Structures are given as C-alpha cells and as structure tokens.
Amino acid sequence: MHEIRFHNTLGGKIEAFAPQNGNEVRMYTCGPTVYDYAHIGNYRTFVFQDILRRFLKLRGFKMKHVMNLTDVDDRIIANSAAAGVSIRDYTEKYAQAFFDDCKTLSIESPEHWIRATDHIDDMVRLIERLQEKTYTYPSEGSIYYRIAKFPHYGRLSNIDVAGIQAGARVDVDRYEKESARDFALWKAPKPGEHFWETPIGKGRPGWHIECSAMAMKYLGETLDIHTGGIDLAFPHHENEIAQSEGATGKTFVRYWMHAEHLLVEGEKMSKSLGNFFTLRDLFAKGYKPSALRFALASVPYRKQLNFTFDGLQQAASSVERLRNFAARLAQRKFPAGKQKGMAARIAEAAEEFDAGLSDDLNTARALAAAFDLLRETNIAMDKGDFRQGDVAAAQEFLANFDRIFAVMEDNDAEKLRALGFGAADSGPSDAEIDKLVADRQAARQRRDFAESDRIRKELAVRGILIEDSKDGSVRWKRK
RNA sequence: GGCGCGGUCGCCAAGUGGUAAGGCAAAGGUCUGCAAAACCUUUAUCGGCGGUUCGAUUCCGCCUCGCGCCUCCA
C-alpha cells in the first residue's frame, strides 16, 4: 500500500491525502446541468470522479459522496418556457438520461443525488448568513456578493482580481454591480420568469450558491474533496469558496481536484465544429460502452484527452484482450500445484497497480502493471508452466483491477439494449449457439471441414465468434 | 495581454539526471484442418537552440507549435 497523493488545484501541488475524520471521505462533485444530453466531455470528468471514488473505496475508505443536478439556470428557464412546460418536467427527461448514461458507463452512484431546486431554502439561509456578515449588497432586486470583502479571492485559480476589468466582460444580466467581478447570489425574476417567494425576496438562486449550500448541508463546513472539470475552477469554484468561507470562516475544501478537458481530434469539442458527441451518438455508430469507458479512463485525468474514433477502436481492442485473458484463466485446466515465483509476481503486479493509482490516479501506469502481468502469465500458460494453484490469485488481481476500471464484464450488448440500441436483433440464444457449436464439433469429428466452416460462418454473421483450443474445447463469444 | 497545460515510436500514452513502461496498429514467425485466441521477433534517443553537469528526454533559459481558462461551459 502506497501513500495516496493527489494534485490539489489549491496550491497547484501534489500532496499526501488523508480525510479529515478517520476513515470517511466526504466528497462533492459538481454534476451536470440538465438542460440537454450530457456529452462525452462531461463523461470524461464523471469517469475520473468515479475512478477516484472507486480507488478510495478499494483502499478501504468509506465514501460520503454527493453529486448535484443543476436543474435551474438561464438555459433551463429559457428552454422550459419555450417548451411550455415546468422546470421540473423539462429537466426530468435529461436527468433520467444522465442516470441512464452513468449506468451505461458503469459510473457508480454517489451516496447522495441532490437537485438544486430541492434546496432553495438552504441557499436562502446561506445568503442570509452572508448578509449578516455584510458580504452582500442588493441591487435592483438581486443580491450580489462583494468580492472586495473576501481577501482570499482568486487563490484557487491563481487569478488576480485586479486583472478583471470592469466592462471587459459581457454580462448578460446587466444588473448594477459595485464591481465587475462581483457575482449574483440571488437573481431578481425577469418578467414572466419562474421565481421563488422567499424571505430575501422573489427570484431564483445564482449559479454558485447551490453548490456551497448543498455541499455544506450534506458534508459539513469543511469537505475533504471537491471535484469538477477544470473550467469550473474559475469562476464557479472560486465563488463557492468565497461564499462558503465568507459565511463560516472555515476552510471550505481541503483538496480540489479538477479534470482536464477532452478534445476531439485535437480541437475543442463544440456544436459548431460538428465534433460534438453524446453517448448516444457513439452507440448509434456501433461503439461499445466498455470501449468508451476504457478510453476515458486510460488517460490520466490531468492530461487533456484527445478523443478520436481510432482511439476508441484501440480501447475496444484493449478491453477485448483483457477479457480474453480472463476467459483463458477461467476456462483452461492447468496442472495442479503452484508455479514457483508466480504468487510473488502477482503480488508485485498488485503493488505496482496500487502504486500507479496512488500516484495521483495515474491510470496509465496502473494499466501497464496489469498488462505486464497479463503478458507474462500468457507466456507461462503457453509454456505450460502456469498452475491451477495460481488461478485464484490471478483472478483476484483482475477483480481488483475491475473494481477500478469496470470493463471486464461482457455486458455491452445488454447495456445498449437497455438504452434502445440494437434491440431489433439480440442475436441467437445461448442454447441455440451451444447447439450449433455441438453440430460443428460433430462435423469436425468426422473431418467434414466444409460443414464445420459453414456453421462457423453462419455464427459469425450473427455476431458469434468461435475459438477452438488445443485440448478440443470450444469457446464462443459475442462480438 | 494575464494564468495554466502539453509537444516521447504510425496512433494512444507512462517515465527517469546515467542512453525510454504499457496499449493499439503493422510486418514476419510459432500453434491450428482452416480460422480465432495466445505467444515470439522487429519498429523511438524523447519539438528546436543554448546552458548547468562526467552525463539531460528528465534541471535552467530562450524559441516554436498545439490546447485550455480569463465570459456560460465537464
């Protein structure tokens, strides 16, 4: 077990990690704004966050992880009004799609899913606390945060507040502010717009207040970890710090972890460039969930991930190799006993796997540890050196591997069907396949290779791959 | 302009002051009735120029190219 070290955006250094209270890690993740389907860039960040929590659990920590759904913002208000439905009705569809996508990518569910609109009261109370401490000022029915009052502003993102010039930005709200860098805690309703009636007036919350209010409500005033995409560091997280620490006087977050962005073919993903993809876009093209997860997980989170279809294909091949190895381990009969040195070799690989992940979630390094062991074990098997007595340890290694990467289970087709892809043809049943495989074996017995190959082709057409082995057994798998 | 990240084999991608992990792909080979799978072999001197050093891909400086943030954004 290696010391866990994480990069902390606050300070920009890699630091040893330990939760504040014993064994429990309290973590908050900025979830999606449910105004549309989330895209693969979003999921790069959510897969990172998933690997983080899976790793901490593997290391024995108890997770208390909260993820919010931002279900009120300008886009949602505008879109729901345009569609003539309530905010809740409008966002429900995308919230559900998000849950479905997470499940498809094997992203574990956090301990708490929460919605901004369920916590308006908490936000109002936090704003009131800030009012009492004079961190706020009203303007045209809205309430603003006075950044001049918070000296630490800019520390997270290394932004010099003096550098933000008045009038330099396009502020869609165009309310009167004392300083250009001040931000809205509470927004006065525009005519016809949905609003909440509260002790601090009519209106709706600013974007940043929800995370401060909800994070502290569920996790206490000082959290262990707060994650998000790198773009959120400024201004969102910077503002969260200002709000939370302004109200409590305590450190809001001990470790800030941000995922770098995903690029597509080296360019920023955007709708105008036509390189904007949701999961559904990829699945419709025939790519598998496990391949996408592997592609997103294999590049360490602090490095920009250049998404390409070639890369996705490479990821699919890698996953296939991993699964083939697991199948070989499970199905072949090896000589009894243990191979000299194998147990130690497996333990060494597990050590290196842990070392990689402990090193700021270096998934590339962890992966290399797994593939090294895989190759060496395959060699031992080919030579006939590998023994049955080592199978359990090797499988345990793979099980641990999969507690992090979650790509071993051959359930892609099932997941895709659940999303409505490929439902038309779920392929032949296991029984039907077994029957054809048996027929083919019989044909091979009588050396009727024409018939044997005909059956194999028939199965291939229907997506089933046959593999003969030396000992006469046959393995089949769905492609 | 300010802040930050990165340029390592065809593609993806680790890494170290003492001549560079892993994955994918490619070529040849072993095995196989044929395939498939698996294995073996082969393929890099680390963007450029200087500096420090016995020695730098790894440290420093400059340059160059790409990307991100600074305004909503994972």
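Bear in mind the structure is a predicted one, so any value in this text is a computation, not a measurement. In what follows, chains carry the letters A, B, and so on, assigned in the order in which the sequence lines appear, proteins first and then strands, with residues in each chain numbered from 1.
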- [ ] Grab the CG-C1' distance between Asp101(A) and A74(B) for me, whole Å please.
- [x] 14 Å
- [ ] Tell me which nucleotide among A74(B), G33(B), G15(B) gets nearest to the side chain of Asn362(A).
- [x] G15(B)
Open item on the list: Would Phe449(A) count as stacking on G33(B) if stacking means ring centres less than 5.5 angstrom apart and planes tilted under 30 degrees?
Closed with: yes
Task: Rounded interatomic separation in angstrom, taking CG from Leu105(A) and P from A74(B) - done: 16 Å
Open item on the list: Rounding to an integer number of angstrom, what distance separates A38(B) and U58(B) when you compare their C1' atoms?
Closed with: 36 Å
- [ ] Would you mind classifying the nucleic acid contact of Gly356(A) as base, sugar-phosphate or nothing, using non-hydrogen atoms under 4.0 angstrom?
- [x] nothing
Open item on the list: In terms of relative ring orientation, are Phe294(A) and Phe405(A) parallel, tilted or perpendicular, with 30° and 60° separating the classes?
Closed with: tilted
TODO: With heavy atoms under 4.0 Å as the rule, sort His39(A) into base, sugar-phosphate or nothing.
DONE: base
- [ ] Could you check whether the rings of Phe276(A) and His39(A) sit parallel, tilted or perpendicular, using 30° and 60° as the cut-offs?
- [x] perpendicular
Task: Residue Ala364(A), side-chain atoms from C-beta onward, closest of A13(B), A74(B), C11(B) - done: A13(B)
Task: Spacing of the C1' atoms in G23(B) and C34(B) (rounded, Å) - done: 29 Å
Task: Nucleotide U32(B), atom P - distance to CD1 of Ile466(A) in whole Å - done: 20 Å
TODO: Select base, sugar-phosphate, or nothing to describe what Leu263(A) touches, counting heavy atoms under 4.0 Å on all strands.
DONE: sugar-phosphate
- [ ] Rounded to whole angstrom, note down the C1' distance from U57(B) over to U45(B).
- [x] 8 Å
Task: Where Gly229(A) and Thr45(A) come nearest, the two heavy atoms and their spacing - done: N-CG2, 3.7 Å
Task: Glu15(A) and Arg254(A) ion-paired at < 4.0 Å - done: no
Task: Any strand: nucleotide that pairs with G61(B) via Watson-Crick or wobble, under 3.5 Å - done: C49(B)
Task: By ring-ring contact (aromatic ring centres under 6.0 Å, His included) - contacts of Phe449(A) (at least two apart) - done: none
Task: Pairwise P distance for G47(B) and U16(B), with rounding to whole Å - done: 15 Å
Open item on the list: Could you tell me how far apart Gln331(A) (CD) and A38(B) (C1') are, to the nearest whole angstrom?
Closed with: 14 Å
Open item on the list: Using the side-chain heavy atoms of Asp231(A), tell me which of these nucleotides is nearest: C69(B), A21(B), C34(B).
Closed with: C69(B)
Open item on the list: By the 4.0 Å heavy-atom rule, please label Leu305(A) as base, sugar-phosphate, or nothing.
Closed with: nothing
Open item on the list: Applying a 4.0 Å non-hydrogen cut-off, can you work out what Arg440(A) is touching in the nucleic acid: base, sugar-phosphate, or nothing?
Closed with: base
Task: Rounded distance in Å between the P positions of A56(B) and C65(B) - done: 27 Å
Open item on the list: Classify the ring geometry of Phe17(A) against Phe6(A): parallel below 30°, tilted from 30° to 60°, perpendicular beyond 60°.
Closed with: tilted
Task: Separation of the P atoms in G66(B) and G50(B), to the nearest angstrom - done: 23 Å
Open item on the list: Looking at the base of C5(B), is there any donor atom on it, or on the side chain of Glu260(A), that sits under 3.5 Å from an acceptor on the other one?
Closed with: no
Open item on the list: Base of G23(B), side chain of Ser298(A) - is there a donor-acceptor contact under 3.5 Å?
Closed with: no
Open item on the list: At less than 3.5 Å, do the side-chain atoms of Gln304(A) and the base atoms of G6(B) form a donor-acceptor pair?
Closed with: no
TODO: From the options A37(B), G15(B), G22(B), select the nucleotide whose nearest atom is closest to the side chain of Glu467(A).
DONE: A37(B)
Open item on the list: Please verify the inter-ring angle class for His208(A) with Phe183(A); under 30° counts as parallel, over 60° as perpendicular, anything in between as tilted.
Closed with: perpendicular
Open item on the list: Looking at Thr363(A) and Ala297(A), would you say the former's side chain and the latter's main chain have a donor-acceptor pair under 3.5 Å?
Closed with: yes
TODO: Report the relative orientation of the aromatic rings in Phe397(A) and Phe401(A); use parallel for angles under 30°, tilted for 30 to 60°, perpendicular for over 60°.
DONE: parallel
Open item on the list: Could you check whether the side chain of Asp468(A) and the base of C34(B) have a donor-acceptor pair of N or O atoms closer than 3.5 Å, going by distance alone?
Closed with: yes
Open item on the list: Taking donor-acceptor contacts at under 3.5 Å, does the side chain of Arg75(A) reach the base of C72(B)?
Closed with: no
- [ ] Remember a base hit wins even if backbone is also touched, and classify Gly311(A) as base, sugar-phosphate or nothing at under 4.0 Å, heavy atoms.
- [x] nothing
Task: Arg293(A) side-chain N/O to Leu105(A) backbone N/O, donor-acceptor pair under 3.5 Å - done: yes
Open item on the list: Output the rounded distance in Å from CZ (Arg475(A)) to C1' (A38(B)).
Closed with: 11 Å
TODO: Look at the side chain of Asn324(A) and decide which nucleotide, out of G68(B), A37(B), A74(B), has an atom nearest to it.
DONE: A37(B)
Open item on the list: Please classify the nucleic acid contact of Pro32(A) as base, sugar-phosphate, or nothing, using heavy-atom distances under 4.0 Å.
Closed with: nothing
Task: Selected nucleotide, minimal atom distance to Gln314(A) side chain, candidates G15(B), G33(B), C11(B) - done: C11(B)
TODO: Start with the C-alpha distance between Glu409(A) and Arg323(A), add both sets of side-chain angles, then the distance that settles salt bridge (charged side-chain N to carboxylate O under 4.0 Å, His left out), and finish with yes or no.
DONE: CA-CA 8 Å; Glu409(A) 198 184 338; Arg323(A) 290 180 181 174; over 6 Å; no
Dump every N/O contact between nucleotides 39-46 of chain B and the protein below 3.5 Å, one line per pair.
residue: C39(B); atom: OP1; partner: Arg321(A); partner atom: NH2; Å: 2.7
residue: C39(B); atom: OP1; partner: Asn378(A); partner atom: ND2; Å: 3.0
residue: C39(B); atom: O4'; partner: Asp382(A); partner atom: OD2; Å: 2.5

- [ ] Considering only atom C1', compute the distance from C63(B) to A44(B) and round it to an integer number of Å.
- [x] 24 Å
TODO: Measure from the side chain of Asn158(A), starting at C-beta and using heavy atoms only, and say which of C12(B), C11(B), G4(B) lies closest.
DONE: G4(B)
Task: P-based separation of A35(B) from G28(B) [nearest Å] - done: 14 Å
- [ ] Using whole Å, report how far CH2 of Trp256(A) lies from P of G4(B).
- [x] 19 Å
Open item on the list: At 4.0 Å (heavy atoms only), tell me whether Ser452(A) reaches a base, stays on the sugar-phosphate, or touches nothing.
Closed with: base
TODO: Check every strand shown and say whether Asp453(A) touches a base, only sugar-phosphate, or nothing at a heavy-atom separation below 4.0 Å.
DONE: base
TODO: For Lys303(A) and G66(B), give me the distance from atom NZ to atom C1', rounded to whole Å.
DONE: 12 Å
- [ ] Report the nucleotide, chosen from C34(B), A14(B), A74(B), that has the shortest atom-to-atom distance to any side-chain atom of Arg456(A).
- [x] C34(B)
Open item on the list: If I take atom CG in residue Asp73(A) and atom P in nucleotide A74(B), what distance separates them, rounded to the nearest angstrom?
Closed with: 9 Å
